[in-house]
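The structure appears below as structure tokens.
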Amino acid sequence: MANETGLDFSDQIISLENKYQQALKDLYTHLTPIQRVNIARHPNRPTFLDHVFNITEKFVELHGDRAGYDDPAVVTGLGTINGRSYMFMGHQKGRNTKENIQRNFGMPTPHGYRKALRMMYYADHHGFPIITFIDTPGAYADLKSEELGQGEAIAQNLRTMFGLKVPIVSIVMGEGGSGGALAIGCANKLLMLENAVFYVASPEACAAILWKTAKASPKAAEKLKITAKELCKLEVADGIIPEPLGGAHADPYWTSQQIKTAIVESMDELVKMDTEKLLKHRAQKFRKLGGFQEGIPIDPKKKVNMKKKEEAIVVSKTSEVELRDEVQKLKQQIEKAGKVSADHPEPGLNEMIEKLKREIDYEYEEAVKAVGLEDKIIMLREEVAKARNLKDQLTPALKEKIEQLNDEFNKNLSTAPNYSSLKYKLDMLEELSNAQNMSEKGTNADKLKAEIDKRFKEVMDRPDLKQKIETVKGEIAKSGVSEVVNLNQDLKEKFVQLSQELESEFKTILESMGLQVYTRSALEAKAKLDNLNEETNMIIEDVINSSNLKDKIDLLKMEVANAGNAPDAESKNKIQALEAEIKQAVADAVSSPELKDKYEKLQAEIVEATKSSVGSDGSSVKQNVEDDKLKHDGSPVEVNSEANRSFV
């Protein structure tokens, strides 16, 4: 407008340019990871040859892999920076569609990596430091490349680069994709341009795998931590080379000079190292990768979270004769120890039980293989693992499968060649487990008895009680009567009162230790109650197992299963009617005159036993029988039994 009108708009132009620069600065200082990916892929971004021609005084390109092919996607050559010779190699993209087709969009074939490998050997032989430039979406993955050994070519480069005796510096100038980038990126120093990215999978590929849509690529780019800043935090990259506002394509020459400065500084540091230190430095750079917690790098010397190699558990099968001798020797040791000490020691008992368990597991595995159920068990284990991962519980169908397989295994177990050995070891395990339980019970009983004796002694040593006992003893001795029943009334009352006081103290001690105290008559009543319960349970089981009631129970189960969680009115009525019939049948069975008489008689005995507070054996009475309450008023008697619960 100024040119056309001749007017002066310089102030407005300067103001607009300042606003533009400020907007550009605000935008490029707060770029998201996916925006940096797009900048790294910008078609006008400087290529490898652009940078090489800007930073070298002289450059000679070298072609061919000496196997009949020259890959244009990888460019190699010799050049000088500040009078020092270097071997350059890098990925080369095109400026337009025609050039990109010629350069294969910067995606090398195996020939390209073999060309780079040839130049690495050449540089190593002549002592030229190596500088690599990375800018590729990844190695070319067409059929021809795979036939020519793409993976092998990359692997050869990775192995060779760790053994080169010259310094290596890699520059990620655009995008570094997967193994295609790493094949020329195993360097002592990995530097990245400010807007470059380095990844194992592109954000689009990652999003398609994890979220099933490429539209999630911004989220994937953020999670992958592929930017220069993030990779420096993780110590994958060793430095960031600044770019001008707007990206490297805004000022290619300035960007190249920044790369030149970074290369010179890095090489000055690396050339001072001797060969051994240089190789160790390169290996250590990659060995320490992964030593981080929530993105915070850790000193590789302190990294201790590497998984240790799991040692295989080898089970050596022991013969029956050896096991029998070991078990017999163990029994003799236990018997001998029991005679010497009251502490019931268990020398080697736990170890022997664990050994037997391992032997039995081994025998079971051999039996499973012998009866041909190994594949079925493996498949069932996988189903169980999947079910637990999904619902944390087993479905009825899966439980039925387990039961069927268990039945099939038990049915065929006797045909296994090692069945006799397995059975013998199971019997020995049961015998030793019983011995262990008895030993533990004996030990617990001895400890309990010692504790009771100690508490009783503390009571008897109390000054007030001791004085009372001595007083009563003295009065009995003065009376000259040897039997309590012949004492006079006053002295007898004192004796009974002291006995009751002592029994009350003892009862309090026993109850504080979690023990219950019964009289002999109460214990006899409890035994009779258990017998009566057993008799009642047998009657209930006979009734339930009768054909008529069993059919009704099966019908009830079927109705409940068909009704599901939301039964209709008709189903509810059927279920309630069946339940009433079943309950009535059981009630009629347990309401026979004979059972009524037994219950009433036993109830009277219990009431009589609880009237007295002191039993004939001198122990105090438990005043209430908590779990053994008998009720009988013509209504059904409720008995706590498995048979009764089975039909409810």
Side-chain angles (χ1 to χ4, degrees), residues 338-345 437-533 598-631 640:
K339 291 176 182 177
V340 175
S341 172
D343 293 336
H344 299 278
N437 292 335
M438 291 298 293
S439 178
E440 289 176 356
K441 286 179 182 178
T443 303
N444 293 337
D446 289 341
K447 288 180 181 177
L448 183 61
K449 183 176 179 296
E451 181 65 19
I452 291 172
D453 290 342
K454 180 184 174 184
R455 301 281 287 273
F456 279 5
K457 189 173 183 303
E458 290 174 357
V459 170
M460 296 298 290
D461 289 342
R462 271 171 38 192
D464 55 335
L465 281 178
K466 204 168 186 179
Q467 186 178 358
K468 288 179 182 179
I469 292 169
E470 293 298 332
T471 303
V472 173
K473 275 185 178 180
E475 292 182 10
I476 292 174
K478 286 179 183 178
S479 66
V481 179
S482 59
E483 295 183 3
V484 177
V485 293
N486 297 328
L487 293 173
N488 59 50
Q489 189 64 30
D490 184 41
L491 197 54
K492 190 183 289 185
E493 287 179 1
K494 285 184 179 180
F495 179 80
V496 171
Q497 185 179 356
L498 179 60
S499 298
Q500 288 178 348
E501 186 177 352
L502 288 172
E503 286 168 3
S504 176
E505 291 285 347
F506 294 158
K507 179 183 175 183
T508 303
I509 289 171
L510 294 172
E511 288 179 346
S512 69
M513 297 174 70
L515 302 172
Q516 289 183 335
V517 186
Y518 296 96
T519 61
R520 184 169 296 161
S521 57
L523 290 173
E524 290 173 355
K526 187 175 184 303
K528 290 179 181 179
L529 177 62
D530 292 339
N531 292 334
L532 191 56
N533 276 341
K598 288 184 179 180
Y599 270 103
E600 288 171 359
K601 184 179 178 182
L602 185 57
Q603 190 175 19
E605 289 180 11
I606 291 175
V607 171
E608 184 67 27
T610 56
K611 283 181 181 179
S612 173
S613 62
V614 181
S616 59
D617 58 352
S619 63
S620 76
V621 182
K622 186 73 179 173
Q623 295 295 328
N624 58 328
V625 182
E626 296 176 359
D627 297 327
D628 301 326
K629 293 180 180 177
L630 301 176
K631 296 179 182 178
N640 185 15

> Just wondering, do Leu498 and Ile469 contact through their side chains at under 4.5 Å, heavy atoms?
Replying inline: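 Heavy-atom side-chain distance check passes, below 4.5 Å.
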Between [atom1] on residue [X] and [atom2] on residue [Y], distance to nearest 0.5 Å:
X      : Y      : atom1 : atom2 : value
Lys449 : Phe456 : NZ    : CZ    : 11.0 Å
Arg462 : Lys468 : CZ    : NZ    : 8.0 Å
Glu501 : Gln497 : CD    : CD    : 7.0 Å

> Who pairs with Lys457 by salt bridge (Lys or Arg N to Asp or Glu O under 4.0 Å), at least two apart in sequence or on another chain?
Replying inline: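 Here the qualifying residues are Asp461.
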>> Do the side chains of Glu451 and Arg455 get close enough for a salt bridge, i.e. N-O under 4.0 angstrom?
In response: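 Here Glu451 pairs with Arg455 in a salt bridge, since their nearest N and O are under 4.0 Å apart.
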> Where the side chain of Thr508 meets the backbone of Ser504, is there a donor-acceptor pair that is under 3.5 Å apart?
Replying inline: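 It does hold such a pair.
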